[in-house]
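Comments concern the structure below.
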Amino acid sequence: MPTGQVIITGALTTLGINQQGGTPNGSDSADALAELNNQWDAWGIDEGLIYSVLPVTAPLTANVASYTIGPGATINKPRPSRIYKAFFIATVGSATLRKELRVVDALEYYAHGDLAAAASTPDELYADYNVDPTTGFGKLYFFPVPTCQTTSTVEIEAAAPFTAWTLAGNTILPAGYQDPINYALAFRLIPRFGAIVPEQVQKMVIANGMKAEERIRAMNAINRKLPTTAAKVPTTEQPPPQQQGA
């Protein structure tokens, strides 16, 4: 469970900015932390880099078609970056109904002639990922509007949220992640520090940094049973330009 400072110290030591066994100064740590969180946020929307899928459950109310989702919303859970599957679950006496919902896009959802149409159980879930600029909430829409009067919930299998790193807080990572994250961050920091990083070090970091995402994709493809194409998506990162006089 590395802290943000551990990752940053490792990346800056790799670049030769930080002395072995030392601690970076506050300014360098703050800049590197911002870059680490930019990297982490970008990875959170990439199928091959999402390291885990977690179930999110929430109670539903009869005759209610839409719910806000996010910290403090009606569904007070982290707003997912991607939903893979969804299930409607209802308890009727001692029996439990579990029905998989089709996750549809906006075009399919709004193509329905009557969005107020109701049924005992819904068939579809539309997730609107457009964030409300005031609240920060997303929205979930069910169709038909569920009228089930018994206890009912929705279970969403969603991409694990990429919680922001802090310098002192621990982050739980899957086995094998820390080293590629170190190199990926060092790779991204070269434009900031390239003028003082020796050319041979830059070449080594660029080579290993570009491999870092490939290593994580390969691990995720095995652990999450992803299609092999997800592990072969080319990295979106590009090698930073070589610095003059490096």
Side-chain angles (χ1 to χ4, degrees), residues 1-4 6-8 10-11 14 31-56 69-71 77-86 102-107 125-132 136-140 156-166 169-192 205-241:
M1 295 191 296
T3 64
V6 166
I7 296 293
I8 289 164
T14 297
D31 287 347
L33 180 65
E35 196 64 46
L36 174 60
N37 278 317
N38 287 340
Q39 169 184 302
W40 204 234
D41 186 54
W43 285 10
I45 60 173
D46 191 310
E47 166 74 345
L49 297 173
I50 294 172
Y51 62 88
S52 180
V53 175
L54 301 175
V56 175
I69 184 168
K77 305 286 186 178
R79 180 169 42 81
S81 61
R82 183 173 301 183
I83 293 175
Y84 293 92
K85 287 186 177 183
R102 288 197 310 116
V103 180
V104 301
D105 60 19
L107 289 176
L125 172 68
Y126 161 50
D128 185 351
Y129 295 103
N130 292 316
V131 179
D132 185 293
F137 300 156
K139 268 198 168 183
L140 302 181
I156 299 168
E157 294 184 5
F162 278 60
T163 305
W165 291 82
T166 63
N170 291 310
T171 297
I172 299 174
L173 296 174
Y177 256 63
Q178 185 169 336
D179 184 66
I181 289 175
N182 277 338
Y183 272 106
L185 178 60
F187 177 89
R188 291 177 65 111
L189 290 174
I190 287 179
R192 292 177 182 258
V205 171
I206 290 171
N208 284 290
M210 295 182 69
K211 290 178 182 177
E213 287 193 10
E214 296 176 9
R215 290 164 59 192
I216 290 176
R217 290 180 191 281
M219 287 188 291
N220 286 346
I222 295 171
N223 295 337
R224 290 184 47 217
K225 308 299 183 186
L226 295 174
T228 54
T229 53
K232 295 180 179 179
V233 176
T235 177
T236 56
E237 303 284 4
Q238 296 296 324

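Since the structure is predicted, the reported quantities are computational estimates derived from the model, not experimental observations.
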Where N130 and D128 come nearest, the two heavy atoms and their spacing: N-OD1, 3.0 Å
Return the minimal non-hydrogen interatomic distance between I45 and R82, and the atom names on each side. O-NH2, 3.2 Å
Testing the basics here: between Q178 and V6, what is the closest heavy-atom pair and its distance to 0.1 Å? NE2-CG1, 3.6 Å
Should we count CG of L173 as having more than 12 external heavy atoms under 6.0 Å? yes
Closest non-hydrogen atoms of P180 and R215, given as atom of the first, atom of the second and distance, are CD-NH2, 3.6 Å
CD1 (I83) and OH (Y126) are apart, to the nearest 0.5 Å, by 11.0 Å
From CG (L189) to CG (D31), nearest 0.5 Å: 8.5 Å
Between D46 and R217, is there a side-chain N and carboxylate O pair less than 4.0 Å apart? yes
Between L33 and I8, does the side-chain contact (heavy atoms from CB on, under 4.5 Å) criterion hold? Intermediate values first, please. CA-CA 7 Å; L33 180 65; I8 289 164; 3.7 Å; yes
side-chain contact (heavy atoms from CB on, under 4.5 Å) between N208 and T14, intermediate numbers included: CA-CA 11 Å; N208 284 290; T14 297; over 6 Å; no
Any donor-acceptor pair under 3.5 Å linking the side chain of D132 with the backbone of F137? no
Test your reading of the model: is there a side-chain donor-acceptor pair from W40 to the backbone of A164, 3.5 Å cut-off? no
Side chains of L36 and Q39 in contact at under 4.5 Å (non-hydrogen atoms): yes
Quick one: does any side-chain atom of S81 pair with a main-chain N or O of G44 as donor and acceptor, under 3.5 Å? yes
Y51 vs M219, side-chain contact (heavy atoms from CB on, under 4.5 Å): CA-CA, chis, key distance, verdict: CA-CA 9 Å; Y51 62 88; M219 287 188 291; over 6 Å; no
Could you tell me if the side chain of T3 sits less than 4.5 Å from the side chain of T171, heavy atoms only? no
Quick one: side-chain hydrogen bond (donor to acceptor under 3.5 Å, both in side chains) partners of R79, sequence neighbours excluded? none
Report the distance from atom CG of L54 to atom CD1 of I156, rounding to the nearest 0.5 Å. 12.0 Å
Interatomic distance, CG@D105 vs OH@Y129, rounded to 0.5 Å, equals 11.0 Å
Within the 4.5 Å heavy-atom criterion, are P78 and V56 side-chain neighbours or not? no
Interatomic spacing from CH2 in W165 to CG in L185 - rounded to 0.5 Å: 9.5 Å
Tell me the closest heavy-atom pair linking I50 and F162, and the distance in Å. CA-CZ, 4.1 Å
Hey, what do you get for CG (N220) to CG (L49), rounding to the nearest 0.5 Å? 7.0 Å
May I have the step-by-step check of side-chain contact (heavy atoms from CB on, under 4.5 Å) for R188 and N38, ending in yes or no? CA-CA 10 Å; R188 291 177 65 111; N38 287 340; 3.8 Å; yes
Taking every heavy atom of L125 against every heavy atom of A86, the minimum-distance pair comes out as CD2-CB, 3.6 Å
